[in-house]
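Data first, discussion second: the structure below is written as structure tokens.
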Amino acid sequence: MRGWWQDLTDLVLPADCAGCGRPRVALCAGCRAALCGAAPRRVRPDPEPRGLPVVHAAAVYGEAVRAVLLAHKERGALPLAGALGEALAGAVRSALRAGVADGAVAGLLDGAVDSADPVAGPGQAPGGPVLLVPVPSARRSVRARGHDPVRRIALAAAGELRRAGMPVSVLSVLRQRRAVADQAGLNSRQRQVNLSGALEVAAGAGALLRDAGRIVVVDDLMTTGASLAEAARALGCVCGVHGVGDRAGGAGDTRARGIGGTGRTGRRAQVTAERQGGNRPSWDGRDHVGEATGKGGPASGMPCLNIIRAAVVATSATSFEINRN
């Protein structure tokens with residue numbers, strides 16, 4: 001476990017670049033560019049696990065980026081959280097902008113959302129405050145490392161986004177409800193089985209989640225997407241994502257119709273929300289506003305622009321959409 005003297009040493013003594021080993025600099029310009037220099041993009045693992053939300057990533061996991069993430073996570077190089085948070089903030093912005101196209105713009109096409117809502121400031125996200133929800137680490141891992149790396153990066157990203165004018169907070173409400181095996185060496189299917197039903201939302205957090213304008217699940221790395229899918233499932237069970245568009249979710253609310261409304265685009269967004277809740281979509285060509293959807297129970301009244309998204313610092317090159325046929 002790290003001691004206070006190790007933190008002080010990191011701040012006072014010069015270090016070699018965590019990405020390439022260049023002397024007397026914690027992170028050189030080239031490695032920072034590899035981490036934060038490219039435009040974040042949507043990514044998809046192959047195979048894609050059921051219930052995976054839309055994911056955006058900042059960087060390709062390889063060479064310098066891998067070394068920086070491991071230095072922060074396993075060797076306690078805490079000053080790297082700033083650069084990693086900057087990268088994650090970019091991925092969050094990208095995910096929210098994509099959400100505008102799928103959600104708020106859908107509402108505009110249906111005549112349901114105020115046109116001023118999606119046209120927010122440069123750093124702002126339409127639809128109200130944003131919550132970043134970190135994927136939790138196992139308690140034993142946090143104890144062994146002396147810190148929670150994903151939460152630390154999420155806090156740094158939130159600070160970056162707030163400085164740009166976005167109302168954002170970090171809410172660490174996911175908990176492991178049972179023990180899981182070490183993911184190392186497991187394939188995609190094995191990881192999904194290992195994590196299925198493993199996470200839950202802390203008691204009393206439902207109201208905070210439902211009041212958020214947007215929820216973005218965040219992690220440092222996406223490998224198979226199993227962790228993000230399980231996190232989205234757990235959050236969706238509390239937030240009622242499966243019930244977006246039903247009466248409990250505000251069928252009479254003009255903003256709700258941006259997803260659950262009567263237009264074609266609104267119904268398409270409803271299907272997306274239901275899939276994120278792990279349910280079979282109820283869209284069969286008919287309107288289902290006013291009906292319960294899926295097996296997850298009644299909706300909880302969350303704002304209907306609040307479809308869960310995900311953002312990560314890095315993932316494999318093959319997961320980036322631009323590299324896929």
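Quantities reported herein were computed from a predicted structural model and do not represent experimental measurements.
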Heavy atoms of L174 and V201 approach each other most closely as CD2-CG2, 4.0 Å
Residues L195 and R178: closest non-hydrogen pair is C-NH2, 3.7 Å
Is there a side-chain contact (heavy atoms from CB on, under 4.5 Å) between R214 and L131? Walk through the geometry before answering. CA-CA 6 Å; R214 302 291 175 93; L131 286 182; over 6 Å; no
Please assess L209 against L171 for the test side-chain contact (heavy atoms from CB on, under 4.5 Å), listing each intermediate value before the final yes or no. CA-CA 9 Å; L209 292 168; L171 197 62; 3.9 Å; yes
Test salt bridge (charged side-chain N to carboxylate O under 4.0 Å, His left out) applied to D220 - qualifying residues, sequence neighbours left out: K73
Measuring from D219:CG to S227:OG, what's the distance to the nearest 0.5 Å? 6.0 Å
Should L208 and V173 be marked as a side-chain contact (heavy atoms from CB on, under 4.5 Å) after you check the CA-CA gap, both sets of side-chain angles, and the distance that decides it? CA-CA 10 Å; L208 294 173; V173 295; 5.6 Å; no
For residues G21 and D16, report the shortest heavy-atom separation together with the two atoms involved. O-CB, 3.8 Å
Using side-chain heavy atoms (C-beta onward) and a distance below 4.5 Å, is T224 in contact with R189? no
Shortest non-hydrogen contact between P40 and S94, atoms and distance: O-OG, 3.5 Å
One should read off an interatomic distance between T315 OG1 and M222 CE, to the nearest 0.5 angstrom, of 3.5 Å
To the nearest 0.5 Å, atom CZ of R175 lies from atom CD of E200 at 9.0 Å
Output yes when a side-chain donor or acceptor of R233 lies under 3.5 Å from a complementary backbone atom of L199, and no otherwise. yes
Considering all heavy atoms, the nearest A67-R75 contact: O-NH2, 4.2 Å
Sub-3.5 Å donor-acceptor pair from the side chain of S137 to the main-chain atoms of V142, do we have one? no
Measure the NE2-CZ distance between H56 and R309 for me, rounded to the nearest 0.5 Å. 6.5 Å
One should read off an interatomic distance between S141 OG and E74 CD, to the nearest 0.5 angstrom, of 8.0 Å
Applying the side chain to side chain contact (heavy atoms under 4.5 Å, CB included) test to V313, which of V68, L84, V218, L221 qualifies? L84
Sequence neighbours left out, what passes salt bridge (charged side-chain N to carboxylate O under 4.0 Å, His left out) with R32? Give chain and number order. E86
For atom CZ of R22, decide whether the heavy atoms of other residues, nucleotides or ligands shown that lie under 6.0 angstrom number more than 12. no
Over 12 non-hydrogen atoms of neighbours within 6.0 angstrom of CD in Q190: yes
Between V217 and I308, is the side-chain contact (heavy atoms from CB on, under 4.5 Å) condition met? List the steps. CA-CA 7 Å; V217 180; I308 297 167; 3.8 Å; yes
I need the I215 CD1 to L132 CG distance, nearest 0.5 Å. 10.5 Å
Side chains of residues 150-162: which donor-acceptor partners sit under 3.5 Å, not counting sequence neighbours?
from: R151; atom 1: NE; to: S172; atom 2: OG; distance (Å): 3.3
from: R152; atom 1: NE; to: H147; atom 2: ND1; distance (Å): 3.4
from: E160; atom 1: OE1; to: R163; atom 2: NH2; distance (Å): 3.2
from: R162; atom 1: NH1; to: V168; atom 2: O; distance (Å): 2.9

Minimum heavy-atom separation for L52 and P45, please, with both atom names. CD2-CD, 3.5 Å
